[in-house]
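Keep in mind that the numbers below use all heavy atoms, side chains included, and drop hydrogens, waters and symmetry copies. A note on names: the letters A, B, ... follow the listed sequences, proteins ahead of strands, and every chain is numbered from 1. Keep in mind the model is a prediction, meaning the values are calculated, not measured.
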Number of protein chains: 2
Amino acid sequence: MSGKRPSGRPANQDASTALKAVALRLVRELGYEKVSVSAIIEQAGVARQTLYNRWNTKADLVLEAVFEQTNTYAAEPSWDGAEDCRTLLEDFLIRIFEHLRIYGDTLRALIAASQQDAKFHKSFHANFVLPREQMITALLRRAQDRGELSPGRSVETLSTLIHGAFWYRLLNRGVLNAGFAKEIVAETFA
Amino acid sequence: MSGKRPSGRPANQDASTALKAVALRLVRELGYEKVSVSAIIEQAGVARQTLYNRWNTKADLVLEAVFEQTNTYAAEPSWDGAEDCRTLLEDFLIRIFEHLRIYGDTLRALIAASQQDAKFHKSFHANFVLPREQMITALLRRAQDRGELSPGRSVETLSTLIHGAFWYRLLNRGVLNAGFAKEIVAETFA
DNA sequence: TTGAAGATTAGACTGCAGTCCACTATCCGC
DNA sequence: GCGGATAGTGGACTGCAGTCTAATCTTCAA
């Protein structure tokens, strides 16, 4: 599958690991804006170019670091249980909001960065935005199949409304808690 | 009301006018990111400090320039007509989306900037976000009064969902057209 | 007329992301 | 071991937003 090993000196995996670890730690300690690339490479003990060999921008590095750390976060809600989709959606949103207590500020910074760099926007959209959108649409479709949601509703539009509410609150520093999750679900299934 | 004139040399109003005009033109020609402060002050024939005497950041200047240009944009929907609120909301959204064909990119940049500068976020929220939020909530409340919308629905939550959908599409470079406006309204009043 | 208050100017300066370069280090096939 | 390919290093460099400074201009009030 992976074909032949590329010729030349192999990339030092430790450097990538160290960079991601340092980036994640600094971002959580200081906030995205206050972390300079120079500080990251210094603490990772690595040259500037090494970072840019692997990632295009600071945002790409942080996205990957946060992404690895939180691949459990917002994991696909398990369908196994007999719970109704409404509860499933609510729990899903609550879980996301909880993780945002830690990574909300970073996510805001990444969204901002994605508006200023077309290449990063593509990557961010593919790795973060689309997967979550698909989880919600899948869940809503299932709700329709089970008769919990009227078949006349547009699953795609509802998904946009739900994600939008979440983004809007996040970007406007509003409260993202269980109560808000309940409200969203209540209006969605109204 | 205005009290006494402040002492000292009065601010040159022409400079402000020229700066806003140049900023607006350049942003529309080149896009927010490609416009440098140096280019703005050069073409306005004004010193750097003069710009920063009036605005804290490039974003503040552009916000004010765009805001003046578009104070008709998204004007309060007139209630006079006998139209139902559903139609009113749809027309309101369509009108916003049309203006975004011109200013959408700039608005995206301003939203991004507001995530990176707390002071600008406050100003942006007060001048742009809140007024529009209040227009929608007022409209929805009226819809409830007229019996077009079930009194059980949460007007605030619906407003967040509607604005969120719009922001989400905008920030993810999705299509913002009359069809999307219709979809939003359909789900809101579903 | 003079002086205080504040505006304007030109330009130097800081801090940061990202690029470039010359040089060195490591791996591979021969 | 040698040469080609690629990675890593240190440091210089660019471009830009925003700050700072020293000097000059404009207005008012005494």
Side-chain angles (χ1 to χ4, degrees), chain A residues 2-20 22-23 26-27 30-63 109-110 112-121 123, chain B residues 2-19 22-23 26-27 30-63 65 109-110 112-121 123:
Chain A
S2 70
K4 59 180 183 300
R5 160 111 69 111
S7 71
R9 177 175 175 174
N12 176 7
Q13 195 49 49
D14 292 348
S16 301
T17 308
L19 283 166
K20 281 183 283 192
V22 169
L26 287 181
V27 162
L30 309 173
Y32 183 87
E33 315 287 351
K34 292 204 169 64
V35 177
S36 69
V37 169
S38 296
I40 296 175
I41 60 174
E42 198 174 310
Q43 296 199 23
V46 139
R48 199 174 195 72
Q49 186 59 44
T50 301
L51 191 162
Y52 287 104
N53 280 345
R54 294 169 169 67
W55 296 280
N56 288 321
T57 63
K58 185 176 89 170
D60 286 277
L61 163 60
V62 172
L63 171 62
L110 291 178
S114 78
Q115 303 305 312
Q116 291 158 342
D117 180 335
K119 266 197 293 188
F120 178 64
H121 184 273
S123 164
Chain B
S2 70
K4 59 181 183 300
R5 160 113 67 112
S7 71
R9 177 175 175 174
N12 175 8
Q13 195 49 50
D14 291 350
S16 301
T17 309
L19 282 166
V22 169
L26 286 182
V27 162
L30 308 172
Y32 183 89
E33 313 288 351
K34 291 203 169 64
V35 177
S36 69
V37 168
S38 296
I40 296 175
I41 59 175
E42 198 174 309
Q43 295 198 22
V46 138
R48 199 175 194 72
Q49 186 59 45
T50 301
L51 191 162
Y52 286 104
N53 279 346
R54 294 167 169 68
W55 296 280
N56 287 321
T57 63
K58 184 176 89 168
D60 286 277
L61 163 59
V62 172
L63 171 62
L110 290 178
S114 78
Q115 303 305 311
Q116 292 158 342
D117 179 335
K119 268 196 292 186
F120 178 63
H121 184 272
S123 162

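The 12-atom threshold is not exceeded at CD of Glu42(A), counting heavy atoms of other residues, nucleotides or ligands nearer than 6.0 Å.
Between Thr50(A) and the phosphate of dT9(D), there is a side-chain N or O to OP1/OP2 separation shorter than 4.0 Å. Side-chain N/O atoms of Arg54(A) include one lying less than 4.0 angstrom from OP1 or OP2 on dG8(D).
A straight line from CG of Leu61(A) to P of dA17(C) spans 12 Å, rounded to a whole angstrom. Rounded to whole Å, the distance from CH2 on Trp55(A) to C1' on dT19(C) is 18 Å. As rounded to whole Å, 14 Å separates atom C1' of dA7(D) from atom CG of Leu51(A). In this structure, OH of Tyr52(A) is placed 18 Å from P of dA12(D), rounded to the nearest angstrom. When the P atom of dA10(C) is taken as reference, atom CG of Asn53(B) falls 14 Å away, rounded to whole Å. As rounded to whole Å, 9 Å separates atom P of dG18(D) from atom CG of Asp60(B). Protein atom CD of Gln116(B) is 14 Å distant from nucleotide atom C1' of dG18(D), rounded to whole Å.
Among residues two or more places apart in sequence or in another chain, the side-chain contact (heavy atoms from CB on, under 4.5 Å) test is passed with Asn12(B) by Asp14(B), Ala15(B), Arg54(B). Residues meeting the side-chain contact (heavy atoms from CB on, under 4.5 Å) test with Ser36(A), sequence neighbours left out: Ser38(A), Ala39(A). For the ring-ring contact (aromatic ring centres under 6.0 Å, His included) test, residues two or more places apart in sequence or in another chain that qualify with Phe120(A) are Phe124(A).
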Please tabulate the protein-to-nucleotide N/O contacts below 3.5 Å involving nucleotides 20-23 of chain D, giving atom names and distances.
{"from": "dC20(D)", "atom 1": "N4", "to": "Gln49(B)", "atom 2": "OE1", "distance (Å)": "3.0"}

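Contact detail for Trp55(A) and Lys20(A): the closest heavy-atom pair is CZ2-CG, 3.9 Å. In terms of heavy atoms, Ala59(B) sits closest to Leu110(B) at O-CD2, 3.7 Å. Shown here for Lys58(B) and Glu33(B), the closest heavy-atom pair between the two residues is NZ-O, 4.3 Å. The nearest pair of heavy atoms linking Lys34(A) to Leu30(A) is CB-O, 3.6 Å. Shown here for Val22(A) and Ile40(A), the closest heavy-atom pair between the two residues is CG1-O, 3.8 Å. Between Val37(B) and Arg48(B), the shortest heavy-atom contact is CG1-NH1, 3.9 Å.
In this structure the side chain of Thr50(A) never reaches within 4.5 angstrom of the side chain of Ile41(A), judged on heavy atoms.
Residues from residues 7-17 of chain A with heavy atoms under 4.0 angstrom of DNA chain D, sorted by number: Ser7(A), Gly8(A), Arg9(A), Pro10(A), Ala11(A), Asn12(A). A heavy atom lying under 4.0 Å from DNA chain C marks the following residues of residues 31-44 of chain A, by number: Val35(A), Ser36(A), Val37(A).
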